[in-house]
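Note: hydrogens, waters and symmetry copies are ignored here, and every other heavy atom, side chains too, is used. Here is how names work: the chains are called A, B, and so on, in the same order as the sequence lines, proteins then strands, and each is numbered from 1.
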Protein chains: 2
Amino acid sequence: MVPHARGVTIDLAQVPDGRPTENSAAGPVPLRLIMKHASPPPPTAAELKVACASCNLRELCLPVGIAEADMPRLDAMIAQRRSVRRGELLFRNGDPFDAVYAVRTGFFKTRVSSHDGRDQVTGFQMAGELLGLDGISTERHSCDAVALEDSQVCVIPFEQLESLSREFAELQRHFHKIMSREIVRDHGVMLLLGSMRAEERLAAFLLNLTQRLEARGFSGTALVLRMTREEIGTYLGLKLETVSRCFSKFQEDGILQVRQRQISVLDPQALRRLVSAAAA
Amino acid sequence: MVPHARGVTIDLAQVPDGRPTENSAAGPVPLRLIMKHASPPPPTAAELKVACASCNLRELCLPVGIAEADMPRLDAMIAQRRSVRRGELLFRNGDPFDAVYAVRTGFFKTRVSSHDGRDQVTGFQMAGELLGLDGISTERHSCDAVALEDSQVCVIPFEQLESLSREFAELQRHFHKIMSREIVRDHGVMLLLGSMRAEERLAAFLLNLTQRLEARGFSGTALVLRMTREEIGTYLGLKLETVSRCFSKFQEDGILQVRQRQISVLDPQALRRLVSAAAA
DNA sequence: CGCGAGCTTGATGCCGATCAATGCATGTGG
DNA sequence: CCACATGCATTGATCGGCATCAAGCTCGCG
């Protein structure tokens with residue numbers, strides 16, 4: 001377990017390489033505390049719990065709409081945290097399913113693979129978002145979840161979640177909304193993959209990303225991508241060269257400033273014009 | 001309400017044009033009774049109920065795994081049916097959400113639209129499959145559900161479904177599995193749209209269709225498509241001409257026999273070779 | 001019979017994939 | 001500290017799959 005986690009009620013950004021925490025270039029960073037530590041936390045340990053009741057993410061995460069009085073029961077359920085280092089898998093296709101995970105800090109991608117090796121990134125998950133819903137149907141996970149940076153998740157044992165959902169209608173309702181939202185999101189991605197051209201896809205992707213960062217208190221105009229061009233491409237159904245060319249094009253057009261993975265959105269309105277679609 | 005429905009415990013195929021019921025060219029048709037009637041049922045009426053307990057679809061539908069003893073409660077909830085004529089909408093984007101629907105007879109497509117008119121078919125639904133899960137998240141539907149033939153659905157009031165789910169853990173679990181299965185299915189479609197070529201997409205589509213028909217007791221080799229080439233294309237991210245060319249190509253290659261919408265699968269193995277991917 | 005929706009087929013063109021070379025940042029070992 | 005390796009990104013040249021445009025065709029139906 002990590003030495004600094006005991007009793008702490010704020011999120012701790014993982015900054016293993018000493019660079020300033022990303023996505024904080026402008027504005028306050030209410031959800032994170034920049035903190036250096038010599039080495040990343042051990043990857044496998046069950047960690048000390050941090051109460052949902054005092055978590056900064058509770059307005060974005062599972063506890064939305066849960067009455068204060070019911071919080072202790074929720075906290076009792078989410079007794080375990082897990083650290084996943086950059087590049088490692090939280091779960092993989094075929095793993096037995098027994099819990100869903102809430103991202104606490106860090107960043108993930110999920111991907112599915114075809115038999116012949118091609119794969120498709122199905123989503124990127126950031127703090128407050130749930131992972132593992134795919135596993136419910138067959139009681140085995142049907143995709144891989146890969147940490148794109150050193151990350152921590154709250155482990156939510158599914159049996160207990162269902163049991164608690166039978167007691168608290170608000171929790172039940174909210175969990176259903178989360179699953180439904182995932183379905184709606186997927187439909188948006190299908191629209192993107194089925195009918196948009198390369199520039200539109202990238203614009204939709206960037207808009208979605210900035211919206212989610214803004215909801216977490218980060219700047220909506222200055223962001224640091226946590227994923228490679230190839231991962232973006234695999235999500236958007238494009239090759240990495242095409243993604244790169246689109247970034248360059250957007251820079252020429254004055255829509256973005258691109259320096260490696262550091263992106264400044266100069267003209268958000270132009271991105272919106274490009275999209276004009278509801279890719280959630 | 002329809003005059004012939006009272007107390008009937010078998011499914012009634014809608015055969016408005018008098019042709020033999022589709023997808024029954026080979027083998028028995030355990031789930032349907034071919035029956036002619038002069039005119040289709042009125043589109044808006046609330047209809048007499050038919051018990052889940054005695055429904056042929058119960059092994060594919062919501063009641064999977066529900067104990068016999070609990071069936072009456074389930075039946076009490078699903079008190080209403082609704083008929084939707086070919087071309088009409090069961091619900092549309094923006095409609096308030098208060099129920100999910102189980103397809104009883106007929107065939108639907110769901111679609112989402114971008115602002116500039118392009119749209120994407122997100123799925124085709126046949127007997128026993130659930131519609132409307134997209135509406136839970138915002139309490140409004142986020143897509144259109146269109147009947148591709150005269151159809152009937154069971155109306156499942158969502159409040160009651162949640163309430164009953166709090167009582168019966170099996171129902172809760174099964175409902176969660178259904179939502180999760182939808183997420184997994186969507187990921188399969190994303191893989192298809194993001195990384196497969198035209199022929200692979202069509203092969204995956206046909207395999208999926210035949211599998212679902214087989215699960216319902218129909219032939220897995222002789223099928224009648226309920227949708228146009230354009231609708232297939234809009235689902236697969238292709239233009240209708242491309243879909244048509246792929247059908248012709250498959251016929252040349254001896255994989256299919258194509259006569260309009262009547263398809264015979266001559267070489268299922270060839271389809272599987274083309275796919276080699278897990279598009280559910 | 002003739003109309004129209006849906007389907008097929010051909011000719012052409014374009015977007016994005018592919019192949020290939022270079023650039024740039026980070027990290028490593030001598 | 002530099003030389004080199006490695007992973008990621010950019011950019012150019014060429015290619016190919018699918019879209020687009022454009023005729024005809026088929027079938028069901030008024």
Side-chain angles (χ1 to χ4, degrees), chain A residues 15-20 22 39-40 86-87 109 117-121 146 148-149 192-203 205 224-253 256-263 274, chain B residues 15-20 22 86-87 109 117-118 120-121 148-149 192-203 205 224-253 256-263 274:
Chain A
V15 193
D17 55 2
R19 281 179 307 159
E22 72 329 280
S39 62
R86 178 192 155 100
K109 69 172 176 185
R118 285 175 287 187
D119 57 357
Q120 174 72 24
V121 171
V146 187
L148 297 185
E149 58 183 297
L192 178 148
L193 290 171
S195 73
M196 291 183 166
R197 286 171 317 100
E199 287 182 24
E200 299 170 324
R201 295 183 196 195
L202 187 60
F205 169 72
V224 177
L225 302 174
R226 328 274 24 194
M227 69 294 279
T228 67
R229 302 288 192 261
E230 177 162 37
E231 286 164 333
I232 297 172
T234 311
Y235 179 57
L236 298 178
L238 302 170
K239 290 291 146 180
L240 69 95
E241 294 95 326
T242 304
V243 174
S244 181
R245 274 183 249 271
C246 284
F247 272 123
S248 301
K249 174 71 160 38
F250 285 169
Q251 180 154 247
E252 278 172 36
D253 296 351
L256 298 181
Q257 184 178 339
V258 182
R259 267 204 359 263
Q260 303 292 114
R261 298 199 190 174
Q262 317 209 15
I263 309 292
L274 267 169
Chain B
V15 193
D17 54 2
R19 282 179 305 159
E22 66 341 274
R86 178 190 155 100
K109 69 173 176 183
R118 285 174 287 184
Q120 174 72 24
V121 171
L148 297 185
E149 57 183 295
L192 179 148
L193 291 171
S195 73
M196 291 183 165
R197 286 170 316 98
E199 286 182 24
E200 299 171 324
R201 295 184 196 193
L202 187 61
F205 169 72
V224 177
L225 302 175
R226 325 268 39 183
M227 69 294 280
T228 66
R229 302 289 192 260
E230 177 163 36
E231 286 163 333
I232 297 172
T234 312
Y235 179 58
L236 298 178
L238 302 170
K239 291 291 147 182
L240 69 94
E241 294 95 328
T242 304
V243 174
S244 180
R245 275 183 248 270
C246 284
F247 271 124
S248 301
K249 174 70 159 38
F250 285 169
Q251 182 155 247
E252 279 173 34
D253 296 351
L256 297 181
Q257 184 176 341
V258 182
R259 269 203 356 265
Q260 303 293 112
R261 298 200 189 175
Q262 317 208 15
I263 308 292
L274 267 170

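- With sequence neighbours excluded, no residue satisfies salt bridge (Lys or Arg N to Asp or Glu O under 4.0 Å) with B:Glu241.
- Here the nucleotide nearest the side chain of A:Ser244, chosen from C:dG6, C:dT8, D:dT11, is D:dT11.
- A:Arg259 places its CZ atom 14 Å from the P atom of C:dC24, with the value rounded to the nearest Å.
- Not counting sequence neighbours, B:Ser244 has no partner by the side chain to side chain contact (heavy atoms under 4.5 Å, CB included) test.
- Here the P atom of nucleotide D:dC18 and the CG atom of B:Leu193 are 13 Å apart, to the nearest Å.
- Applying the side chain to side chain donor-acceptor pair (under 3.5 Å) criterion to B:Lys109, with sequence neighbours excluded, gives B:Glu231.
- Applying the side chain to side chain donor-acceptor pair (under 3.5 Å) test to A:Asp119 and every residue at least two apart in sequence or in another chain returns nothing.
- A:Glu149 and A:Arg226 are joined by a salt bridge, as a carboxylate oxygen and a charged side-chain nitrogen come within less than 4.0 angstrom of each other.
- Taking atom CD on B:Glu200 and atom C1' on D:dG17, their separation rounds to 12 Å, with Å as the unit.
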Each nucleotide N or O in nucleotides 16-19 of chain C that has a protein N or O under 3.5 Å away: list the pair and distance.
| from | atom 1 | to | atom 2 | distance (Å) |
| --- | --- | --- | --- | --- |
| C:dG16 | OP1 | A:Ala198 | N | 2.6 |
| C:dA17 | OP1 | A:Lys239 | N | 3.3 |
| C:dA17 | OP2 | A:Lys239 | N | 3.4 |
| C:dA17 | OP2 | A:Thr242 | OG1 | 2.2 |
| C:dT18 | O4 | A:Arg245 | NH2 | 2.9 |
| C:dC19 | N4 | A:Glu241 | OE2 | 3.2 |

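- Nucleotide C:dA5 holds its C1' atom 11 Å from the CD atom of B:Gln260, rounded to whole Å.
- Among the protein residues, A:Thr228 comes within range of the sugar-phosphate backbone only, with heavy atoms under 4.0 Å from sugar or phosphate atoms but none that close to a base.
- In this structure, B:Arg229 places its CZ atom 18 Å from P of C:dA5, rounding to the nearest Å.
- B:Glu200 meets the side chain to side chain donor-acceptor pair (under 3.5 Å) test with A:Arg118; sequence neighbours excluded.
- What separates CZ of A:Phe247 from P of D:dC8 is a distance of 15 Å, to the nearest Å.
- The CG atom of B:Leu236 sits 11 Å away from the P atom of D:dA19 (whole-angstrom rounding).
- Per the geometry, NZ belonging to A:Lys249 stands 15 Å off P belonging to D:dG12, to the nearest Å.
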